[in-house]
Amino acid sequence: MNNTLENESDNRGEGKSSINFIEAIINEDLKNGKNDGRVHTRFPPEPNGYLHIGHAKSIILNYGISRKFNGKFNLRFDDTNPTKEEQEYVDSILDDVKWLGADWEDRLFFASDYFDQLYEWTEKIISEGNAYVDDQSAEIISEQRGTPTKPGIESPFRNRSVEENLDLFRRMKAGEFPNGAKVVRAKIDLASPNMHMRDPVMYRILHANHHRTGDKWCIYPMYDWAHGESDYLEGITHSICTLEFEVHRPLYNWFVDQIIEGEYRPRQIEFARLNISYTVMSKRKLLELVKDGYVSGWDDPRMPTICGLRRRGYTPESLKMFAEKVGVAKRDNIIDVALLEYSIREDLNRTASRVMAVLNPLKVVITNYPDDLEEELLSENNPEDPDSGHRMLPFSKELFIEKEDFMIDPPKKFFRLAPGQEVRLKNAYIIRCESYELDENGEVKTVFCTHDHETRSGGEGSGRKVKGTLHWVSAKHAVDAEIRLFDRLFIAESPEDVPEGVDYKVNLNPESLQILKNCKVEPGLKGTKPGDKFQFQRIGYFCTDTDSTADNLVFNRTVPLRDSWTKTNK
RNA sequence: UGCCUGAUGGUGUAAUUGGCAACACGUCUGAUUUUGGUUCAGAAGAGUCCAGGUUCGAGCCCUGGUCGGGCAACCA
């Protein structure tokens with residue numbers, strides 16, 4: 001397993017990192033000697049969908065805390081609803097957490113591991129008169145529960161005898177009743193201002209096959225009943241979750257109170273979930289985008305899923321830096337996507353090899369260069385990394401440059417190629433545009449240049465300065481490639497923020513995917529493998545897509561380079 | 001009309017828990033540069049939701065408002 005999350009803190013910037021409110025709570029607990037000074041966190045996904053960057057934040061937070069406080073971190077699947085959960089999701093989640101570098105060591109658990117214990121405890125709670133079997137339908141129970149402003153009323157079955165409850169519960173387990181016929185409810189308080197305390201359901205009957213326990217059970221525990229107890233069984237000290245569970249905390253504590261023995265007690269702490277501009281994060285909406293074909297799948301590089309980001313070219317390290325910059329707090333937030341992009345650029349800038357790739361090729365002929373001469377020119381792999389070495393790039397009379405790097409009638413400060421103007425070809429020569437040729441549509445077809453042989457990079461006369469430097473690729477050596485350019489999936493900053501009755505999908509960006517077919521890349525890219533990361537010089541960071549083969553290279557644009565030129569020209 | 005919870009530059013997050021608001025992203029200058037990238041130097045931008053109060057002193061404490069988010073699944 002990689003260990004990108006291991007390093008306590010990267011001290012780039014040397015700033016003293018301030019501590020977030022959760023760490024402050026943990027410090028306080030430690031000071032008070034709680035739980036024998038143990039710190040133990042967990043990440044508890046439900047295997048009913050793919051993980052997204054919000055989960056990544058949570059994983060990084062929980063794992064990071066376990067590292068920081070010398071504690072432990074568990075991965076636990078909250079698999080209490082067999083009607084929604086599948087092995088496919090378990091597998092993808094395992095992959096994603098592993099890829100992020102969060103190490104659960106030998107502590108991979110499932111809430112379903114605890115079904116027997118939960119069942120026993122339920123008998124105990126029933127025996128103590130604190131839970132009962134209710135025969136009513138979901139609709140009736142819901143009605144009786146009242147509303148936030150109106151107290152609920154008691155079920156006619158609320159005061160059954162312990163014996164009857166026990167008997168019914170055992171028969172529920174034995175499969176004597178159909179789905180929905182009965183539930184077990186905690187006996188708490190129908191008048192509580194907190195809806196979750198109005199005799200919440202602990203068990204429902206579900207004759208369904210579970211991905212791990214098969215047909216062993218036909219009753220399944222509800223989240224509230226299973227979660228705190230699972231934490232308790234695993235010795236979790238700080239059970240970190242998102243804000244919507246804040247109202248569940250009294251119930252979490254109530255359930256723990258029913259079974260607690262001794263000093264140890266898990267504690268639930270809530271933080272605000274991550275939101276990112278121009279993105280949707282809800283599982284339901286992400287599923288819809290996949291199911292209805294708005295994207296190619298869960299790992300579509302435009303998706304905010306972990307597998308999508310991975311395919312897009314994001315690194316675990318970049319997501320960790322992102323999570324650190326975002327911070328942890330309780331107020332609602334919308335993080336600027338620019339911060340995400342900044343994070344991946346920062347990582348890739350120091351690690352990605354610089355290569356030559358031309359997205360929209362324009363033929364250049366060096367008229368004073370020998371017809372059959374071929375040179376090998378020395379090229380640095382990464383100026384930010386002295387250890388990255390060099391490689392040789394073939395150069396010849398005919399080249400491709402980027403279409404947008406030539407203009408017949410350029411504006412002031414266009415430091416690129418134009419009639420009479422000089423530019424440097426990166427790692428090669430300074431050339432001057434002498435003329436150009438149009439095709440039948442009036443488009444520039446070929447640009448004719450002369451080169452100054454004295455100016456070859458690294459040579460005697462290479463010191464001469466020109467205003468612009470272009471990337472290029474030798475026409476006869478170039479390799480064809482398909483390049484996929486991604487833009488934000490939504491055009492609205494808060495896509496879900498739509499008027500009544502309007503679907504958020506109206507905010508989908510129709511131009512979020514652009515596929516370029518006849519791109520020309522340097523020959524060294526021929527042997528690239530999916531996941532390899534590069535900087536296409538002057539353009540952006542790219543990675544080899546999983547669709548790529550030796551005969552059909554496919555690259556994804558992870559993120560463009562910052563570009564102050566097109567910006568000033570808008 | 002109930003309960004829980006939050007409010008600090010455009011966006012996030014800080015502020016030794018009472019001592020005249022910091023860092024990052026973004027924005028804008030300028031320098032360097034064989035990537036209009038990187039790097040470097042600098043600038044603008046909040047007086048901390050509002051109104052009272054306590055105090056020599058309040059973003060931090062108190063009172064009352066305002067606004068935002070969450071809560072009524074046999075989902076998690």
Side-chain angles (χ1 to χ4, degrees), chain A residues 13 15-20 44-46 48 78-81 83-85 134 137-139 141-143 145-152 179-185 192-196 198 200-206 219-220 222-224 226-227 241-250 270 272 277 283 324-336 338-343 345-346 349-350 354 380 383-384 413-416 423-428 430 455 457-458 462-471 535-540 560-568:
Chain A
K16 51 212 170 240
S17 50
S18 53
I19 161 183
N20 64 50
E46 182 190 13
N48 71 341
D78 227 328
D79 56 350
T80 56
N81 187 353
T83 65
K84 291 190 176 171
E85 296 151 7
D134 195 333
S137 68
E139 298 70 49
I141 289 176
S142 165
E143 259 169 51
R145 189 140 32 218
T147 70
T149 54
K150 259 195 310 257
N179 288 356
K182 288 180 168 40
V183 291
V184 175
R185 290 225 261 169
S192 172
N194 183 340
M195 297 294 293
H196 296 278
R198 325 250 262 218
V201 171
M202 292 171 69
Y203 273 101
R204 75 286 215 189
I205 298 173
L206 248 29
I219 56 172
Y220 290 91
M222 299 290 290
Y223 165 83
D224 288 297
H227 200 90
C241 61
T242 43
L243 243 29
E244 66 269 29
F245 292 100
E246 207 155 23
V247 254
H248 293 242
R249 199 189 327 136
E270 313 85 11
S277 58
K283 269 191 191 177
E324 273 166 4
K325 291 200 178 299
V326 159
V328 180
K330 296 191 76 162
R331 75 182 81 115
D332 300 318
N333 60 75
I334 301 178
I335 309 294
D336 194 335
L339 188 62
L340 219 208
E341 297 182 340
Y342 170 83
S343 304
R345 284 195 193 103
E346 177 158 272
N349 176 50
R350 42 176 220 231
R354 273 59 172 169
E380 233 180 341
E384 303 298 315
K413 290 205 171 170
F414 181 79
F415 301 148
R416 304 180 187 183
V423 295
R424 157 137 248 139
L425 293 177
K426 178 84 181 169
N427 298 126
I430 290 175
T455 60
S457 291
S462 67
R464 216 179 107 207
K465 304 290 180 199
V466 286
K467 281 177 290 188
T469 300
L470 305 187
H471 62 283
Q535 185 198 90
F536 287 0
Q537 290 190 100
R538 300 210 309 135
I539 301 179
L561 248 30
R562 279 177 55 186
D563 181 359
S564 53
W565 166 245
T566 57
K567 189 185 286 177
T568 55

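Numbers restart at 1 for each chain; the letters A, B, ... are given by sequence-line order, proteins then strands.
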If you assign each of Asn427(A) and Leu243(A) to its closest nucleotide in RNA chain B, which residue comes earlier from the 5' end?
Asn427(A)
RNA chain B: Glu246(A) or Arg464(A), which has the more 5' nearest nucleotide?
Glu246(A)
Which atom pair, heavy atoms only, marks the closest approach of [X] to [Y]?
X	Y	result
Asn194(A)	Pro250(A)	ND2-CG, 3.6 Å
Thr455(A)	Ile430(A)	OG1-N, 2.9 Å
Asp336(A)	Ser277(A)	CA-OG, 3.6 Å
His227(A)	Asp78(A)	ND1-OD2, 2.7 Å

Taking any heavy-atom pair under 4.0 Å as a contact, classify [X]: base, sugar-phosphate, or nothing.
X	value
Gln535(A)	base
Arg416(A)	base
Phe536(A)	nothing
Val328(A)	sugar-phosphate
Gln537(A)	base
Pro383(A)	base
Lys325(A)	sugar-phosphate
Gly463(A)	nothing
Lys465(A)	sugar-phosphate
Ile334(A)	sugar-phosphate
Thr147(A)	base

Listed nucleotide nearest any side-chain atom of [X], set [options]:
X	options	answer
Val326(A)	U35(B), A72(B), G12(B)	G12(B)
Lys330(A)	G36(B), U5(B), G37(B)	U5(B)
Trp565(A)	G36(B), G68(B), G37(B)	G36(B)

Can any side-chain N or O of [X] pair as donor or acceptor with the backbone N or O of [Y] at less than 3.5 Å?
X	Y	result
Ser142(A)	Ala138(A)	no
Thr242(A)	Glu244(A)	no
Arg424(A)	Lys465(A)	no
Arg204(A)	Asn179(A)	no
Arg145(A)	Pro200(A)	no
Asn20(A)	Gly327(A)	no

[atom1] gap between [N] and [M], integer Å:
N	M	atom1	answer
A22(B)	G6(B)	C1'	22 Å
G26(B)	U11(B)	P	16 Å
A24(B)	U34(B)	P	28 Å
U63(B)	C71(B)	C1'	27 Å
G30(B)	A44(B)	P	16 Å
A58(B)	G52(B)	P	14 Å
C61(B)	U54(B)	C1'	8 Å
U16(B)	G12(B)	C1'	23 Å

Does U5(B) have its OP1 or OP2 closer than 4.0 Å to a side-chain nitrogen or oxygen of Arg249(A)?
no
When you check the phosphate oxygens OP1 and OP2 of U38(B), does a side-chain N or O of Arg350(A) lie under 4.0 Å from one of them?
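For U38(B), neither OP1 nor OP2 has a side-chain N or O of Arg350(A) closer than 4.0 Å.
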With a 3.5 Å limit on both atom pairs, tell me what [N] is paired to, counting Watson-Crick and G-U wobble, or say none.
N	result
A22(B)	U13(B)
C3(B)	G70(B)
U35(B)	none
U63(B)	A51(B)

Would you mind reading off the distance between [X] atom [atom1] and [N] atom [atom2], rounded to a whole angstrom?
X	N	atom1	atom2	result
Ile539(A)	U38(B)	CD1	C1'	17 Å
Arg424(A)	G37(B)	CZ	C1'	18 Å
Glu341(A)	U38(B)	CD	P	13 Å

Is there any protein nitrogen or oxygen under 3.5 Å from a nitrogen or oxygen in nucleotides 74-76 of chain B, and what are the pairs?
residue	atom	partner	partner atom	Å
C74(B)	OP2	Arg145(A)	NH2	2.6
C74(B)	N4	Gln136(A)	O	2.7
C74(B)	N4	Ala138(A)	N	3.1
C74(B)	N4	Gly180(A)	O	3.1
C75(B)	OP2	Arg204(A)	NE	2.9
C75(B)	OP2	Arg204(A)	NH2	2.7
C75(B)	O3'	Arg204(A)	NH2	3.3
C75(B)	O2'	Asn81(A)	ND2	3.2
A76(B)	OP1	Thr80(A)	OG1	2.6
A76(B)	OP1	Arg204(A)	NH1	3.4
A76(B)	OP1	Arg204(A)	NH2	3.0
A76(B)	OP2	Tyr223(A)	N	2.8
A76(B)	O4'	Glu46(A)	OE1	3.3
A76(B)	O3'	Asp78(A)	OD2	3.3
A76(B)	N6	His248(A)	NE2	3.2

Using nucleotides 26-31 of chain B, report all nitrogen or oxygen pairs with the protein that are shorter than 3.5 Å.
residue	atom	partner	partner atom	Å
U27(B)	OP1	Lys567(A)	NZ	2.6

Would you please classify the geometry between the His248(A) ring and the Tyr223(A) ring as parallel, tilted or perpendicular, with 30° and 60° separating the classes?
perpendicular
Between the side chains of Lys84(A) and Glu46(A), is the shortest nitrogen-to-carboxylate-oxygen separation below 4.0 Å, so that they form an ion pair?
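Between Lys84(A) and Glu46(A) there is no salt bridge, as every charged N stays at least 4.0 Å from the carboxylate O atoms.
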Syn or anti: how is U48(B) classified when any glycosidic angle within 90° of 0 counts as syn?
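With its glycosidic angle more than 90° from zero, U48(B) counts as anti.
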Taking syn as a glycosidic torsion within 90° of 0 and anything else as anti, which one is G47(B)?
syn
Mind checking the CG-CG spacing from Asn81(A) to Asn48(A)? Nearest 0.5 Å is all I need.
8.0 Å
